[in-house]
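Computed from heavy atoms alone, side chains included, the values below leave out hydrogens, waters and symmetry copies. The structure displayed is predicted, hence computed values, not measured ones.
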Amino acid sequence: MKRAPASLKAAVTAASPGSSRTGRGLGRRIFLSTSLPLLALSALTLWLVGAAVTRQADRQLREDLERASLVFEQILSARAGELAAAGASLSLDSKFRGAWDALPARPGSAAGGAGAGDDATGLVREWNEHAALDILDVYDARGVERVNGGRFPDGDVETTALVAEALRGRTAYGVVLRADSPYQVAAVPLLRNGRPAGAILCGERMGQALAHRLAVLTRTEVSFVAGRAVRVSTLADLGDRYRLVQDLSQARARHPMARDARLLESQTSRGRALTLSRPFPGAGTRASYALQRSVEEETLYLRRVYRDLAGLAVAAFLAALISAWLVARSITRPIARLVDAAQALEGGDYEHPLDVRSRDEIGLLARTFLGMRRHLQCQVQGLEELGRIKSEFLSVASHELRTPLTIIQGYQSLLAERALGPLTSPQDSAVLAIGQGAETLHKLAEDAGRLAEIDQVQFKPDLAPFDVSEMLARAVRCSLEAGPGRKVAVRHEVAPGAEFAVVDGPRLLHAISKLVENGIRFTRDGGEVVLRARRDGGLLRVEVRDTGVGIPADQLEGLFDKTFALRSSTEHHSSSTLEFGSAGLGLGLCIAQGVARAHGGDVFVESEVGRGTTVTLIVPAEGMQQAA
């Protein structure tokens, strides 16, 4: 068990926490407890808003692509209706029907004349000068092309399925490839007597003009893809077209059975883009269209929103910090004043201003503190007066006792030397007892006088170089003489460098002797008391270690009280010969502490019950001035 060491006065003063430090600790906790929740709430709110805006922007972008796809397919549907109307118009033309009826039943047949096919083709091309169709083919009932009257007559067209559908009496629509270009076509049945006698295939090329028209209407990049190539596109960068084909191929590889739209993210020269790809309406083709919109451009407003949110976050952060600081300051300032007043009170200042006028709990605490301080001031003044009276009594009593004690000791010496006549054996024993009692009383008077001198701050050490080893040896001899018959080994050690010190030798010797006597008093016979002196920087450390009974922890705090150790006069047993366990008047430690502090040092104690006690006396070794 340990008593906290009391270091030199300057070191203790430097180690004491100031009011500002205390205020900062409390203010920091209040600041953190108020600002962190506000900051967390602000950050969470901004994050939720940002996430909601991001989700909304992503959803809006996907919906825009879906609407663009719907617009495109509506355009295709309108074009398909126009193509079907053109085919129906041709089938009702009387000149064309006459030329068609004149065609032979089979190609190359003599029936109907050799020029009938040329006449029908000429009529169809003449009619198409006004319709301006890219594809205008007429098929017979067997699905064989008999007339080619379009503006681009060359090239193969996979139209078998569409023509077959028309020959069954239904108009068919689709997209076909011709000369590596996509064409939108409509197959219209050619009726004779209400029954399909052939089919008219009308088509228009889906070229750059259509792509640009759709791009303007939907604000998207438009590409027509057939096979593994981009046939038509508004993408200016060839690399973007290549990456589009690669992305669509990978999507088909991952989902080969998917027939509907594909929505995927792709990388372009302008950054990340969102692409919607769908097959063209109609069967029998591998052609599809892709609508692509730049995520970076579409989310430009989102980045502006993020910048605004970032500014809002900074403003919220600063507002939270300022509000938390104001709250912490409003709480800690009056508390800091209370701490300053309490520390001033600890130093004996009972008039330190305490400017707390609030009517809340802190104001009540301040008013209560003021009442306690006034009450404490009255009590301290009473105790100081009592202490002064006690010190004066001890000083006067010790002084007044010396004269009669001197007379008693003088006559006792004369009686013991038989100068006043012979003594009987009982008288001789009585004279010896008188001498021992007078000696004990003399020591008590000296200790009381020294304690009174210390209490009245009258003790000024007479500093001079002193032999530390000789001082410890004399302390050992004095202690052994005070305890004759005690079988306790007492020895001393002086570390190199600690042989001399500038101290008040006689008074320091008396203080160390008191510590050694205490060690002998509370160490059983066979035990040991060791004195060690060593230098610790500019300090002289003298340790008195014993192997005695030790001191309980609950008694360590009261060891240095300047009061008698005696608690009950009926249980007190004192001895002038340092008997084991005998209790003195408790002045030894107080005197040792007073001597050490007069030198600018101090005394501290470490003890463990059953294992012994170590008392360490510390004083400046180089004659440092007495601490204020």
Side-chain angles (χ1 to χ4, degrees), residues 76-179 181-206 226 279-287:
L76 291 182
S77 178
R79 281 166 53 95
E82 293 174 358
L83 292 174
S89 175
L90 178 61
S91 68
L92 297 177
D93 187 88
S94 59
K95 293 182 180 181
F96 168 73
R97 292 186 66 84
W100 176 258
D101 291 340
L103 288 175
R106 297 176 181 274
S109 173
D118 294 335
D119 291 341
T121 299
L123 287 172
V124 170
R125 290 180 177 176
E126 182 181 353
W127 183 87
N128 194 33
E129 289 179 359
H130 300 284
L133 297 176
D134 296 326
I135 297 176
L136 183 57
D137 298 334
V138 184
Y139 295 82
D140 61 16
R142 296 185 300 275
V144 178
E145 181 182 337
R146 303 296 298 275
V147 176
N148 188 332
R151 294 191 300 174
F152 301 105
D154 297 331
D156 297 328
V157 179
E158 292 291 337
T159 59
T160 304
L162 296 174
V163 171
E165 186 72 15
L167 292 177
R168 286 192 288 270
R170 293 187 293 271
T171 301
Y173 307 96
V175 175
V176 299
L177 292 179
R178 187 169 190 175
S181 294
Y183 288 81
Q184 185 180 9
V185 297
V188 181
L190 181 60
L191 302 178
R192 180 180 293 173
N193 298 325
R195 301 181 61 183
I200 300 176
L201 187 68
C202 302
E204 287 186 340
R205 185 171 182 268
M206 302 175 66
F280 284 110
T285 179
R286 294 175 298 158

Original post:
Closest approach of Trp100 and Tyr139, non-hydrogen atoms and distance?
Top reply: CH2-O, 3.6 Å
For residues 187-196, please give each side-chain donor-acceptor pair under 3.5 Å, one per line with the distance, not counting sequence neighbours.
unit_1	atom_1	unit_2	atom_2	d
Arg192	NE	Asp101	OD1	3.3
Arg192	NH2	Asp101	OD1	2.5

**OP:** With rounding to the nearest 0.5 Å, note down the distance linking OH in Tyr173 to CG in Leu76.
**Re:** 12.5 Å
**OP:** Find out whether Ile200 and Phe96 are in side-chain contact, i.e. whether some heavy atom of one side chain is under 4.5 Å from a heavy atom of the other.
**Re:** yes
**OP:** Using salt bridge (charged side-chain N to carboxylate O under 4.0 Å, His left out) as the criterion, list what pairs up with Arg79, not counting sequence neighbours.
**Re:** Glu204
Original post:
Which atom names give the shortest non-hydrogen contact between Ala99 and Ala120, and what distance separates them?
Top reply: CB-CA, 3.7 Å
Original post:
How close do Gly143 and Leu167 get, heavy atom to heavy atom, and via which atoms?
Top reply: N-CD1, 3.7 Å
**OP:** Looking only at non-hydrogen atoms, find the nearest pair between Thr121 and Arg146 and report the distance.
**Re:** OG1-O, 4.4 Å
**OP:** Scan for salt bridge (charged side-chain N to carboxylate O under 4.0 Å, His left out) pairs involving residues 87-98, sequence neighbours excluded, and state none if there are none.
**Re:** none
Original post:
Side chains of Glu145 and Val163: closer than 4.5 Å at any heavy-atom pair?
Top reply: no
**OP:** Mind running side-chain contact (heavy atoms from CB on, under 4.5 Å) on Leu162 and Val176 for me, showing each step along the way?
**Re:** CA-CA 10 Å; Leu162 296 174; Val176 299; 4.0 Å; yes
Original post:
Tell me, which pairs form a salt bridge (charged side-chain N to carboxylate O under 4.0 Å, His left out) where one or both residues lie in residues 162-172, sequence neighbours left out?
Top reply: Glu165-Arg168, Glu165-Arg170
**OP:** Report yes if some heavy atom in the side chain of Tyr183 is under 4.5 Å from a heavy atom in the side chain of Leu133; otherwise report no.
**Re:** no
Original post:
Tell me, do Ser89 and Trp127 make a side-chain contact under 4.5 Å, heavy atoms counted?
Top reply: yes
Original post:
What closest approach, in Å, do Ala186 and Ala84 show between heavy atoms, and which atom pair accounts for it?
Top reply: CB-N, 3.8 Å
